[in-house]
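Report on the following structure.
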Amino acid sequence: MQSNKHLLLLLALLFVGAFNSLAQEDGLIWLPIKADKDTIIAPLFPDPVQKDSIAGDSTALGPNNGKEPLLLDKIKYKAKDYVKLSQKDQKIYLYNEAEIYYQDTELKAGIITMDYIKNEVYAGRIKDSLGNYTQLPYFKQGDNEVRPDSIRFNFDTQKALIWNSRTEQQAGLGQLGSDAMKVYAEITKKENDSVYFLHEGKLTTSQDTINPDYYIRIRKAKFVPKKKVIAGFSNLYIADVPTPVALPFAYFPLTVGRSAGLMMPTFGNDPDRGYFLQNGGYYIPFSDYADITLTGDFYTNGSYGFRTQSVYSKRYRYRGNVNFRYENLVTSQKGFDDYSNSKVWNIQISHSQDTKASPNSRFSASVNLGSSSYYQNSLNQVNLPLTQNNNLSSSISYSKTFPAYPSVNMSLTASHSQNTSPTARANPDQDNIQMTLPTFQASMERIFPFAKKDGIKKGVIQNINFQYDVNARNSLTTNDENFLKAAMFDNAKVGAKHRIPISTNFKVAKFFSVTMGGSYEDVWALETYTQRYERSEDGEIGSVVKDTISGFDRYNKYNMSASIGTTVYGTFNFGEDKKIQALRHVMRPSLSYGYSPSFDQFYDEYLNNDTGEVVQYSRFEGTLNGAPSLGKSNSLSFSLANTLEAKVRDKDSTATEPKKIPILSNFNISTGYNFESDSLKLSPLRINGGTNILDNKMSINFSAGLDPYAIDNNGSRIDKFNIDNGGSLFRLTQANINIGYSIDSKTFGKKKEEEEEEEEAGAYDYVAQSGGRDDDLFGRADDFDRRRIDDDEKDKGEDVDNPRYATKIPWNFRLAYSASYFNSARQNEFSSHSLMFSGDIELSPRWKVGGSSGYDFKNKGFTLTQLRFERDLKSFRMNFNWTPFGQYSRWYFFIGIKSSILSDLKWENRSQR
């Protein structure tokens, strides 16, 4: 039997101003529940009924008997069967569809009794002809509404007794649904405006309010609405069956908004590191705009880790987060041969600024740096998909725009790129980290000196324009050992480059677009290098010695260019009665010429005393921006861009226009000819292209290199065409192909149904952290403990009892194929060749299985393989992830309550590799 005692309490409290204030402050939501029988007895009606009854509506003021009048205004009341105003008993009796209206208060119930002597009000239900209780009380004051079973309330003491009450408390950040706590109690006593005492209560977040699939039974408890429940002996019931999960006392926070509190750890056993406590910690909200979460792990073999995560946000201004992770990894035990101790760390910073905050300036940050082996060696399950991520990158930038004409854009950027591949980690002395601290860039908008600022520009002269930009950098490379130490600045390089491009464009013969221009550059350096040859004292071959010259130095260079291009359209019509009505081919040929002189004045020479050879060098070799070119550049390049699409008759007979289907989204060919070269004048032919087919479900991208020249036995290009050397016209030197394919159960549905599903279905994106893949081809993160999904919305849009579900099983499938081929020196080998796939299938509305894997054809082995099983148990979630083999083989099991309020009620177990 379940009824709404808190609701009845609110009924009486709302009847007076004190109750109204409490309801508004605490935000209680009272809902009725069905009860088998009434637990309180209504006051008896005096006899004779017929004599004292009053038919219809009545208006009166209650007597006071020397007391201050309780009712300060007229009341209106009526009932269908019985209305009695007893001056002797100082009571009003209303029976069957009873109603009372007083100021902004409205009360409806099966039976209502007001006692002016005791200053009490009672409202309850009545039985119908079948013996069922009907006409549950309905109370409304202002905008507040309640529907209790029964209530007895004293106006003098402001205390009340409520039987079979139920209330719904918004907790966390105030979300309704799975994050709303339902509080049941057989008997509720209201002590004052904010404290209630419960007897035989139940706490649950289940959506089924009549028969919850789980609840926490509490014998006695103190309930402070919108704040907390403090209970004595409590234990968990699942499907009305008690479980061994029990506590001698319990505390349940119901605070709306964020509040500080402990985060319960996960207990488990790792075969390599022993028993552990993981993800335990403390949450601290600094203010409405920022918080911090401190969590840590401890293993019995001495391994440990800690993490800090701070999230901040201010509407219309900025948002971001700062994460720091550190792990001390101990393998085996001291004294054993396989003992090792390593430390890994990672820091992530993300900051974005709202464009409304400052239109002319912007600050942003995306930082992900740390130990190269962090993701590969981390003990946290969430990092499994990121073990295949071989690069960490960061960028922090501030930009400022000065809008006055001519406008100037300036930016200051610090960047970081870190190679974390196994090859890079195998050689600790190799520089695998590149950084710029910082990069300064500034550019002025394009100026047309011979045309009006807002006028139309025509001809060669009016289209002449120029710009100015500058780029200055402090660049350095280092490795993990020297990272974030003073030694990483030992090989830093500083330089700047100023550039002024000038150009113009015009039409020739209406169809050809001509562009002509040039560029001037002035390059600065703070260090240069001289070279000299020194003989060996022991008679061996000497060596080249480089000396560093500190101080400012510069050089300038310039170049000229011209290009001409056009667009050619070709259409092949097959007739409107054909399925393929037409093919359209668009070609964009372009011919470009570039010239750059030789800058011999910036070159010196030294004599190799051993060979007698005179070697030319530039003191700017090895600087940030390098040295100017030695020798003229005089080349012609050609490119041809193509697109091909078809007009196809639409299957929809009501469509008035044919469908346009791309056959080739792009297909580009380019090559060049060097006039200054004594040999090998032709550049290799470059081909690349791509398209989307199967209604954009499959994407195909490819590229290839074709060399017209032959190679010798050493694999070097020679000045002889390949066809003259007994080969084909072109020699394939490299090729790449990438194919992606995605399909799901909606693909085969009707278009109208598909559009409706896409509009109604909610989406939850599992984006891999730290710059990882945004799909699950490398597996899905095992972060069930911290996952927050709006399961209520999912349940609302899901027909669980749909008998046709078996014929409409939702599923999805993703495939990615990649291959790279090299044959520049007759290698005739694939540098990479793999096929990856992943998919999910919902066997029932609450059962979902999935997996991801792949095969590496080059190394002849499977890629990271993961099998996933998910079970939605309404209020609970159960997950099992299994990586059956490989370096990261492991399994992980989790079952826990979905609501964030009781997220610590969980059990998980796992294995480590």
Side-chain angles (χ1 to χ4, degrees), residues 419 421-424 426-427 429-432 531 533 535-536 539-544 546 594 596 598 603 605-618 621-622 626-627 629-640 668-689 701-738 817-834 856-861:
N419 185 357
S421 65
T423 304
N427 186 1
D429 296 328
Q430 179 182 354
D431 290 340
N432 63 324
Q531 300 181 24
Y533 190 84
R535 288 184 175 180
S536 176
E540 298 293 333
I541 298 176
S543 60
V544 178
K546 286 187 176 182
S596 177
S598 176
Y603 278 79
E605 58 186 33
Y606 64 84
L607 177 64
N608 187 325
N609 296 320
D610 292 325
T611 62
E613 178 185 5
V614 177
V615 180
Q616 287 186 305
Y617 75 94
S618 173
E621 291 177 4
S629 60
L630 178 63
K632 288 192 300 183
S633 173
N634 188 12
S635 61
L636 188 70
S637 60
F638 170 79
S639 66
L640 177 64
N668 306 316
I669 303 172
S670 62
T671 187
Y673 185 85
N674 189 353
F675 293 101
E676 296 297 325
S677 177
D678 295 332
S679 61
L680 305 176
K681 293 179 178 294
L682 283 174
S683 300
L685 190 69
R686 304 293 181 185
I687 299 174
N688 65 79
N701 293 281
F702 57 89
S703 65
L706 302 173
D707 195 341
Y709 292 103
I711 57 176
D712 58 20
N713 293 330
N714 297 323
S716 301
R717 299 174 70 202
I718 59 176
D719 191 13
K720 188 174 184 180
F721 289 115
N722 194 57
I723 192 173
D724 296 335
N725 200 40
S728 57
L729 180 61
F730 290 99
R731 181 172 52 85
L732 181 64
T733 58
Q734 63 88 22
N736 295 280
I737 186 169
N738 292 280
Y817 173 78
S818 176
S820 296
Y821 172 78
F822 280 91
N823 192 35
S824 58
R826 296 196 184 99
Q827 300 98 324
N828 191 25
E829 65 178 12
F830 284 92
S831 60
S832 64
H833 190 196
S834 61
D856 189 334
F857 297 98
K858 176 178 173 58
N859 298 317
K860 301 187 184 304

Can you name the closest pair of heavy atoms from [X] and [Y] and give their distance?
{"X": "L732", "Y": "A704", "result": "CD1-CB, 4.2 Å"}
{"X": "P708", "Y": "P684", "result": "CD-CA, 4.2 Å"}
{"X": "D856", "Y": "N859", "result": "OD2-ND2, 2.9 Å"}
{"X": "R826", "Y": "D712", "result": "NH1-O, 3.1 Å"}

Could you give the distance from [atom1] ([X]) to [atom2] ([Y]), rounded to the nearest 0.5 Å?
{"X": "L630", "Y": "S598", "atom1": "CG", "atom2": "OG", "answer": "4.5 Å"}
{"X": "D724", "Y": "Y709", "atom1": "CG", "atom2": "OH", "answer": "11.0 Å"}
{"X": "R686", "Y": "L706", "atom1": "CZ", "atom2": "CG", "answer": "9.0 Å"}
{"X": "Y603", "Y": "Y617", "atom1": "OH", "atom2": "OH", "answer": "12.0 Å"}

Would you tell me whether [X] and [Y] have side-chain atoms, one donor and one acceptor, within less than 3.5 Å of each other?
{"X": "N736", "Y": "S820", "result": "yes"}
{"X": "N688", "Y": "N668", "result": "yes"}
{"X": "S635", "Y": "N674", "result": "no"}

When you compare the side chain of [Y] with that of [X], does any pair of heavy atoms fall below 4.5 Å?
{"X": "S703", "Y": "I687", "result": "no"}
{"X": "S728", "Y": "N722", "result": "yes"}
{"X": "V615", "Y": "Y533", "result": "no"}
{"X": "I718", "Y": "I711", "result": "no"}
{"X": "N823", "Y": "T733", "result": "no"}
{"X": "Q827", "Y": "Q734", "result": "no"}

[X] side chain to [Y] backbone, donor-acceptor under 3.5 Å:
{"X": "R731", "Y": "S824", "value": "yes"}
{"X": "T671", "Y": "S683", "value": "yes"}
{"X": "N432", "Y": "N419", "value": "yes"}
{"X": "D610", "Y": "G542", "value": "yes"}

* **Over 12 non-hydrogen atoms of neighbours within 6.0 angstrom of NZ in K858** => yes
* Exceeds 12 heavy-atom contacts within 6.0 angstrom, atom CG of D678 -> no
* Can you sort out the partners of L640 under side chain to side chain contact (heavy atoms under 4.5 Å, CB included), two or more places apart, ordered by chain and number? => M587, P589, F638, N642
* Quick one: side chain to side chain contact (heavy atoms under 4.5 Å, CB included) partners of F675, sequence neighbours excluded? -> Y593, N634, L636, Y673
* Apply the ring pair (Phe, Tyr, Trp, His ring centres under 6.0 Å) test between H833 and each candidate in Y817, Y821, F822; give the one that qualifies. => Y817
* Structure fact -> Hits for salt bridge (Lys or Arg N to Asp or Glu O under 4.0 Å) against K546, two or more places apart or cross-chain, chain-then-number order -> none
